Amino acid sequence: MHGAVLPRHVLIEPAAHGVVLIDWCFSAPIGTTIPAMVPGHDDAWYPEEVPRKRQCGPGTDIAMASRCMSWLMGSRAPRELHAFAQGCRQRSLDARPDDAWRLLREFDQVLDRLYGPRTFRPFTLTP
């Protein structure tokens with residue numbers, strides 16, 4: 001597990017339309033505890049198993065990623081996207097999704113229902 005999926009650890013790859021997680025110093029094996037929390041981030045960013053030093057799993061990172069998504073979207077996003085993200089943040093780790101690839105397929109379906117088929121749009125940043 002990454003253990004610290006926070007906005008400051010998410011890099012966007014514009015050309016590849018991808019995402020990279022950086023700063024893996026908080027990572028831990030599945031079924032263990034996250035060794036520390038990023039200073040300056042309150043418990044709102046972390047699911048309850050992290051500050052309580054309980055066993056973590058893939059759902060820990062998924063909950064944190066969905067929290068980032070909600071923070072980035074703010075109030076502008078459609079209700080369906082907020083509901084999807086909230087479903088990833090169930091209080092109990094056992095109630096959260098734990099298969100990121102299956103969750104990505106479900107997310108793609110939500111996006112398709114909202115916006116139609118994907119259309120590639122070049123995304124470049126100029127210095």
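Model, not experiment: these values are computed from the prediction.
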Out of curiosity, [X] [atom1] to [Y] [atom2], how far, rounded to the nearest 0.5 Å?
| X | Y | atom1 | atom2 | value |
| --- | --- | --- | --- | --- |
| E48 | T60 | CD | OG1 | 10.5 Å |
| L114 | Q109 | CG | CD | 12.0 Å |
| Q86 | M69 | CD | CE | 10.5 Å |
| W45 | M64 | CH2 | CE | 8.5 Å |
| S66 | W71 | OG | CH2 | 14.5 Å |

Residue pair [X] / [Y]: nearest heavy atoms and the distance that separates them:
| X | Y | result |
| --- | --- | --- |
| G57 | M1 | N-SD, 3.2 Å |
| L103 | C88 | CD2-SG, 3.7 Å |
| Q90 | G87 | CG-O, 3.4 Å |
| C56 | V50 | SG-CG2, 4.1 Å |
| D99 | I62 | N-CD1, 4.2 Å |
| H41 | R8 | CE1-NH1, 3.3 Å |

Remaining members of the apolar cluster that contains L93, side-chain heavy atoms under 4.5 Å: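 Noted: L93 shares its cluster with no other residue.
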
Is [Y] paired with [X] through a side-chain N to carboxylate O contact shorter than 4.0 Å?
| X | Y | result |
| --- | --- | --- |
| R118 | D112 | no |
| E80 | R113 | no |
| E49 | R96 | yes |

Validation row: L81, L111 side chains within 4.5 angstrom (heavy atoms):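 A side-chain contact exists here, since the closest heavy-atom pair is under 4.5 Å.
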
Pairwise side-chain contact, R89 with S70, heavy-atom cut-off 4.5 Å (strictly under):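 They are in side-chain contact.
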
ILVMFWY cluster, M73 and V110 together (side-chain gap under 4.5 Å):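 In one cluster with M73: V110, yes.
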
Hydrophobic cluster identity match, V5 and L104, side-chain contacts under 4.5 Å: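 Looking at the clustering, L104 is in a separate group from V5.
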
Sidechain-backbone polar pair: D61 side chain, H2 backbone, donor-acceptor under 3.5 Å: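 Yes, D61 side chain to H2 backbone: donor-acceptor pair under 3.5 Å.
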
Going by atom type alone, with no hydrogens or angles, which donor-acceptor pairs under 3.5 Å involve a side-chain atom of residues 22-39 and a protein atom two or more places apart or on another chain?
residue : atom : partner : partner atom : Å
D23     : OD2  : H9      : NE2          : 3.2
W24     : NE1  : L21     : O            : 2.9
S27     : OG   : W24     : O            : 2.8
T32     : OG1  : P29     : O            : 2.5

